[in-house]
Amino acid sequence: MTLLLFASPPIPALPANQQLKIYGKPINHRHLKSSRVSATRDDVDAFTEKSSYLFKLSSTDADSIVEYDLRKIASVYRRKPLILLRRVFQVGTTFGWWFGSRFVDELMERSDQMFPVRAAELRKILVELGPAYVKIAQAVSSRPDLIPPSYLDELSLLQDQITPFSSEVAFNTIEQELGLPIDELFSEISPEPVAAASLGQVYQARLRQSGRVVAVKVQRPGVQAAISLDIFILHFIAGLIRKARKFNTDLQAVVDEWASSLFRELDYKIEAKNGLKFRQLYGGIQDVLIPEMYVEQTTRKVLIMEWVEGQKLSEVKDLYLIEVGVYCSFNQLLEKGFYHADPHPGNLFRSYDGKLAYIDFGMMGEFKEELREGFIEACLHLVNRDFDALAKDFVTLGLLPPTAEKEAVTKALTGVFQNAVAKGVRNISFGDLLGNLGATMYKFKFRIPSYFSLVIRSLAVLEGIAISSNPNYKVLGSTYPYIARKVLTDSSPQLKSSLVALLYKEGVFRIDRLESLLTESLRARTEKALVKKQTEDTDSRLITKEILSFTLTEKGAFVREILLQEFAKGLDALGIATLDYFTSAVIPFAAPFSFSSLTEEDRINLTNLRRLLLLLSRVQSSKSASVEVKEGSIYKNQTTYSEEASLVFYQLASAQEVLPILSVIPELPPELQQEFLHLPADLAGRLISRAAARTIRRMFL
């Protein structure tokens with residue numbers, strides 16, 4: 001159920017003994033019924049009109065399908081074969097007529113002209129068939145990159161502008177569920193709903209006891225019965241499709257996962273608890289607003305929550321709040337694991353004080369820690385084009401069976417993702433990745449685990465909302481900075497192991513990957529002042545300070561150890577290169593016959609030292625590229641590594657490049673300054689250990 005909060009002036013305060021008011025008119029409780037009738041909309045509730053035969057369940061049958069249990073649902077409708085057959089006939093003929101009309105349009109070459117007409121007809125059909133079909137359409141309506149504009153405009157109306165049911169029925173439901181006359185519950189209530197969607201509708205009211213303005217959500221009658229029957233039919237069809245097409249994914253399990261979440265959404269007590277938990281976990285994020293839930297005054301069919309004034313996020317095109325939404329989604333999916341599984345435009349608002357407001361907490365998902373870490377690793381390996389490791393990640397996530405041939409999968413994934421990733425992490429489209437994966441999924445028996453369908457839907461819908469404001473928006477590109485920062489700072493042994501595996505290949509330090517992770521992690525912002533042009537135009541002094549601050553904190557300890565280790569290796573190699581250089585200079589005639597004491601590992605360490613200095617001093621990437629040496633041709637002769645040593649000396653001697661590092665130290669917090677002062681001694685100890693080990697090795701080996 002989507003809660004749309006229209007802009008309206010606050011309800012004025014009333015004395016506690018004031019009669020119930022509907023739009024300012026006092027109403028006695030005994031006259032409430034006639035007033036409700038006059039306040040009801042004249043529009044026809046198409047779902048009730050066309051599908052009301054579904055509502056006719058006994059109280060025993062209705063109580064037996066409060067929770068999703070396919071066996072109980074089957075037992076109910078097997079005793080009602082006529083209703084089952086009537087529903088199959090209704091759905092089949094309704095969609096058959098619509099697809100037939102589209103086919104005729106194609107034959108008559110008038111498809112483009114009839115697009116708006118068919119889109120409006122499809123929306124009406126979905127409303128008539130009920131909540132299950134509306135819910136499917138709501139997910140699709142959040143993808144402007146996949147759906148034609150005419151259909152998008154019509155389907156978006158399903159988010160919050162469905163014809164409401166009778167307010168008389170709604171008010172009676174409130175009284176029955178809460179056990180009190182409506183005038184004892186509220187001092188004011190709107191005569192008509194301010195929003196109506198597939199599962200229920202919302203009224204604005206003021207609580208009589210506290211005087212607080214609240215939203216009152218009332219469940220649409222008959223939805224439980226309609227959804228139960230439709231899911232029973234869809235589950236059966238999913239089984240037939242899988243057998244006929246030999247799908248690898250258990251389509252029935254996907255239907256079960258979706259159905260379970262939908263049934264939980266029908267219980268407003270669960271939604272209130274979800275909202276309370278969501279507020280506790282994410283309410284403290286800057287510029288995120290989670291409304292208060294009145295759990296004690298909520299029942300299975302009536303929900304009372306704080307009223308929020310605002311506009312749809314998709315209507316205001318606030319790119320900053322979209323970034324806030326990405327950051328909040330990152331926390332949901334990859335930090336806490338409790339996420340909003342239905343973030344369509346009707347559920348995300350910009351409040352009048354400029355905050356991102358989440359509403360409707362009926363459909364939530366749980367992402368287990370081991371799966372979260374597997375997802376993070378998959379993103380890392382995808383961005384860094386490590387397709388062999390990505391194939392293993394897919395097995396961990398349950399997307400591939402353990403028996404899959406790894407080499408063939410790696411080759412296929414390289415072909416699928418190589419071009420997409422070559423554009424850079426900030427240009428990777430989540431939708432494109434899913435689209436390109438289709439044929440490969442079928443060939444290698446990919447499966448979509450039931451838990452993963454909601455995660456994919458959440459990410460795809462989020463990207464769809466963002467695309468409506470910025471056509472070039474990429475959700476993975478915006479999320480990756482938070483993934484990079486988490487990998488660099490998380491204490492999880494699994495992620496630490498993944499970081500080491502990412503940075504070292506066959507024992508060789510991959511500094512380019514560390515540069516990428518550090519650079520991307522610095523884009524992980526939520527403050528308004530730092531959202532604009534976060535990378536190219538960011539002040540180098542600020543970046544230097546950020547890198548130092550990060551590496552000196554407790555969270556950066558693991559990365560600090562890696563950096564110190566690589567600095568020690570580089571300085572040790574520099575010492576050897578310096579000795580070789582001066583030996584050649586003092587005895588020039590011996591140069592053609594001299595044998596360098598530098599090993600291949602030392603030469604690579606020398607290159608890494610220079611690049612580390614470049615990284616900390618933030619020399620522009622073009623300068624770095626001009627002196628970069630490819631791995632395949634490193635130090636082919638004495639002149640090459642001598643020049644490399646000269647470049648390192650130049651980097652050390654250049655005050656212009658080194659001073660920014662030193663000048664930011666006084667700006668660091670005192671505890672970080674103290675940590676920085678410990679680094680030289682730590683580095684010296686590592687150098688002495690390396691020198692001693694090398695001396696012993698050369699003496700005895």
Side-chain angles (χ1 to χ4, degrees), residues 488 496 499-500 503-511 514-515 518 544 547-587 594-617 634-635 638 640-655 657-659 661-662 664-665 668 671-701:
L488 291 171
K496 283 185 177 181
L499 178 60
V500 172
L503 297 182
Y504 290 90
K505 184 176 182 180
E506 298 178 354
V508 178
F509 183 51
R510 303 288 298 274
I511 189 172
L514 178 62
E515 285 181 280
L518 284 172
T544 302
I547 292 176
L548 279 176
S549 297
F550 163 68
T551 54
L552 292 173
T553 59
E554 184 179 351
K555 284 189 173 183
F558 188 66
V559 174
R560 183 169 68 246
E561 285 294 309
I562 293 176
L563 289 173
L564 284 172
Q565 177 178 307
E566 294 305 320
F567 263 113
K569 289 179 182 178
L571 290 174
D572 182 44
L574 180 62
I576 300 172
T578 304
L579 181 62
D580 287 350
Y581 178 78
F582 281 109
T583 300
S584 301
V586 172
I587 317 175
S594 64
F595 179 75
S596 171
S597 57
L598 274 177
T599 64
E600 188 68 22
E601 180 185 352
D602 290 329
R603 295 166 183 173
I604 294 173
N605 291 338
L606 195 58
T607 301
N608 288 339
L609 174 63
R610 178 168 53 84
R611 292 186 65 178
L612 281 171
L613 291 169
L614 288 170
L615 173 62
L616 291 177
S617 59
I634 295 179
Y635 309 110
Q638 180 72 20
T640 306
Y641 66 72
S642 295
E643 290 176 353
E644 186 70 25
S646 298
L647 284 169
V648 174
F649 275 122
Y650 169 79
Q651 192 66 28
L652 287 169
S654 175
E657 303 298 349
V658 176
L659 281 178
I661 304 176
L662 301 177
V664 300
I665 305 256
L668 298 176
E671 62 274 15
L672 297 187
Q673 293 183 34
Q674 289 295 319
E675 190 66 41
F676 182 82
L677 293 177
H678 294 154
L679 295 183
D682 192 350
L683 188 58
R686 293 170 188 263
L687 275 171
I688 293 171
S689 297
R690 284 189 64 83
R694 184 177 62 254
T695 302
I696 294 171
R697 187 168 57 250
R698 290 184 177 180
M699 287 176 61
F700 295 101
L701 296 179

>> Nearest 0.5 Å, please: how far is CZ in R686 from CG in L571?
In response: 12.0 Å

> If you round to the nearest 0.5 Å, how far is CG of L677 from CG of L672?
Replying inline: 11.0 Å

> Is a side-chain donor or acceptor of D572 paired with a backbone partner of A568 at a separation under 3.5 angstrom?
Replying inline: no

>> How close do R690 and N605 get, counting heavy atoms only, and between which atoms?
In response: NH2-ND2, 4.3 Å

>> Nearest 0.5 Å, please: how far is CG in N608 from CG in L514?
In response: 10.0 Å

>> Could you report the tightest heavy-atom contact between E561 and D682, atom names first, then the distance?
In response: OE2-OD2, 4.5 Å

> For atom NZ of K505, is the number of surrounding heavy atoms from other residues, nucleotides or ligands below 6.0 Å larger than 12?
Replying inline: no

>> For the CG atom of L574 and the CG atom of L687, what is their distance to the nearest 0.5 Å?
In response: 10.0 Å

>> Using side-chain heavy atoms (C-beta onward) and a distance below 4.5 Å, is Y504 in contact with I562?
In response: yes

>> Is it true that, when you exclude E671 itself, more than 12 heavy atoms of the residues, nucleotides or ligands shown sit nearer than 6.0 Å to its CD?
In response: yes

> If you measure from CG on L563 to CD on E566, what distance do you get to the nearest 0.5 Å?
Replying inline: 8.0 Å

> To the nearest 0.5 Å, how far apart are CD1 in I604 and CD1 in I511?
Replying inline: 12.5 Å

> So, the side chain of R560 versus the backbone of T553: is there a donor-acceptor pair under 3.5 Å, distance only?
Replying inline: yes

